[in-house]
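So the structure is just underneath, and the comments pick up after that.
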2 protein chains.
Amino acid sequence: MATNTKERILDAAEELFADRGFPSTSMRDITQGADANIAAVNYHFGSKEALLLAVLKRRIEPVNQARVARLDELESSAGDQPISTEELVRTFLTPVFETWQEHGGAAPKYMKLLGRIHAEVDQDLRTKFIQETGAVLERFATAFERGLPALDASEVRWRVLFLVGSMAYTMTWGTALLEVGDQARRDSEQVLETLIQYTTAGMTVPSTASVVAADREAR
Amino acid sequence: MATNTKERILDAAEELFADRGFPSTSMRDITQGADANIAAVNYHFGSKEALLLAVLKRRIEPVNQARVARLDELESSAGDQPISTEELVRTFLTPVFETWQEHGGAAPKYMKLLGRIHAEVDQDLRTKFIQETGAVLERFATAFERGLPALDASEVRWRVLFLVGSMAYTMTWGTALLEVGDQARRDSEQVLETLIQYTTAGMTVPSTASVVAADREAR
DNA sequence: GTATGATTTAAATGGACGTTTCAATAAGAG
DNA sequence: CTCTTATTGAAACGTCCATTTAAATCATAC
């Protein structure tokens, strides 16, 4: 357990938010889990909502920084060549799974938290979260467009939505699959690779319009 | 507005649960939205949780019945031939988007609700929800296996997880994309087709193991 | 030592929560 | 009509909530 109260609160809140969700976790749950006084959250963070933002920021910021840093690297070394779709997918997905590894356990709590946050928080709170990630997503969407000139901007963005959905859902519930040790067991590195292959195939499939047209032709 | 209280409560609860989530919606919100007395929910449903289950059941049951009915049909007409992956994807995804259409509006509330429920409710509640859908998922997973003999059971189930993730995320947030009318606009029929093509490509990609092996070979 | 600011503590605040009670009303059967 | 059951209404129940207060304790500097 962390030595200072502020970090103990962050740790406890992260675990509880991940397990039960934000609205269902009480300040009393958090401070009890952190072995702190009930007033400590408001003293250190100001409010319950500000605590959630702090919890999220601690995890998301490094992930998004890693994503953007690697994308910068890729783009500068590629010159005016488009970056391959698989590399983009890999660059986007890897950082979040790396932190999964770093935190040791088979099912770190904050993965579930990140997955949860995609569906749970109210519009206002989600907006704050999205601002952090939205700009990153838009950068990747633009990079995808360059490598997929047959697709219009709209289709690329829908596919990015599918990508994020698979990722978030895997973060939330994949840990359960990893844990139960049933027929779906496989370690997180392999899951990441499976997700990358799956997503790359989806991203690079011919445009819906062209598939529909070909289908019409065949009749 | 529905004439009888029970249905008015279901309608109001569906909308509120979809917009704010289950824990953040109060009985007072619901009964006020349904123009009913605060005691009406407990009288008609027994508890707030039982109301949520009723709300979910009303929407999920027909969707899952349609999925299974069409799968039965496909399997009986296919004899001992495996069903094509695209057809399976289409059969799984179409019913939920059809009800999207049926309910007219561009962004029916219960789509958001269904998406939400994948991440929000606590473990117990989710278990009840999953029992409804889990058996259906397993039937589809088995059918996918037959058409994808190169994949082991584990990889098929991970890919099904990705599929469900894209679907749930699209249900939750796709409506927002549809609504805002930005560059990602496209009608729900086209979104479904885009998702089907994307997912089919992901499901049919060579196994991760073989890709990794080929990659090693190439070095 | 004393003084100063940061942190922790225990207690209380007012409000919102899900649920229950029980009387009032409505609906349908004989 | 009367009797019976189903539904609604207003009010209250006890509990838990996030937050605030103000005193107590700790840490550090002088």
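Each chain gets a letter, A, B and so on, in the order the sequences are listed, and its residues count up from 1. Quick caveat, the model's predicted, so the values are computed rather than measured.
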Is B:Thr31 touching bases, backbone alone, or none of the nucleic acid, heavy atoms closer than 4.0 Å?
nothing

Counting only side-chain nitrogens and oxygens, does B:His44 get under 4.0 Å of the OP1 or OP2 atom of D:dT8?
yes

Rounding to an integer number of Å, can you tell me how far B:Ile30 CD1 sits from D:dT8 P?
16 Å

Among D:dT19, C:dT8, D:dA18, which is the nearest nucleotide to the side chain of A:Arg28?
D:dA18

Take atom CD of A:Gln32 and atom C1' of D:dC16, then tell me their distance rounded to the nearest Å.
14 Å

Quick check: do A:Trp158 and B:Gln190 have side-chain heavy atoms less than 4.5 Å from each other?
no

If you check the B:Asn42 side chain, which of D:dT20, C:dT20, D:dA18 turns out closest?
C:dT20

Rounded to the nearest 0.5 Å, what's the gap from CZ on A:Phe22 to CG on A:Leu56? Could you check?
9.5 Å

Just how far, in rounded Å, is P of C:dT9 from CD1 of A:Ile9?
10 Å

Below 3.5 Å, can you tabulate the donor-acceptor pairs from side chains in residues 31-46 of chain A to any protein atom, sequence neighbours excluded?
residue: A:Thr31; atom: OG1; partner: A:Met27; partner atom: O; Å: 2.8
residue: A:Thr31; atom: OG1; partner: A:Arg28; partner atom: O; Å: 3.4
residue: A:Asn37; atom: OD1; partner: A:Ala39; partner atom: N; Å: 2.8

Look at the side chain of A:Tyr43 and decide which nucleotide, out of C:dT7, C:dT19, C:dA10, has an atom nearest to it.
C:dT7

Tell me: CD of A:Glu49 to P of D:dC17, nearest whole Å?
18 Å

Taking the nucleotide of DNA chain C with the nearest heavy atom to each, does A:Lys6 or B:Val41 sit closer to the 5' end?
A:Lys6

Specify the separation, in whole Å, of atom NZ of A:Lys48 and atom P of D:dT19.
8 Å

Measuring to OP1 and OP2 of D:dC17, would you say a side-chain N or O of A:Ser26 lies under 4.0 angstrom away?
yes

Which part of the nucleic acid does B:Ala40 contact within heavy-atom distance under 4.0 Å: base, sugar-phosphate only, or nothing?
nothing

Does a side-chain heavy-atom distance below 4.5 Å link B:Ile30 with B:Phe17?
yes

Rounded to the nearest angstrom, tell me the gap between atom CD1 in A:Ile38 and atom P in D:dT19.
9 Å

Check ion pair B:Glu15-B:Arg20 (N to O, under 4.0 angstrom):
no

What integer distance in Å separates A:Leu52:CG from D:dA18:C1'?
15 Å

Over how many whole Å does the gap from B:Asn37 atom CG to C:dT21 atom P extend?
15 Å

Among D:dT8, C:dT20, C:dT8, the nucleotide that comes nearest once only the side chain of A:Thr5 is considered:
C:dT8

A:Ala39 has its side chain closest, among D:dG9, C:dC17, D:dT20, to D:dT20

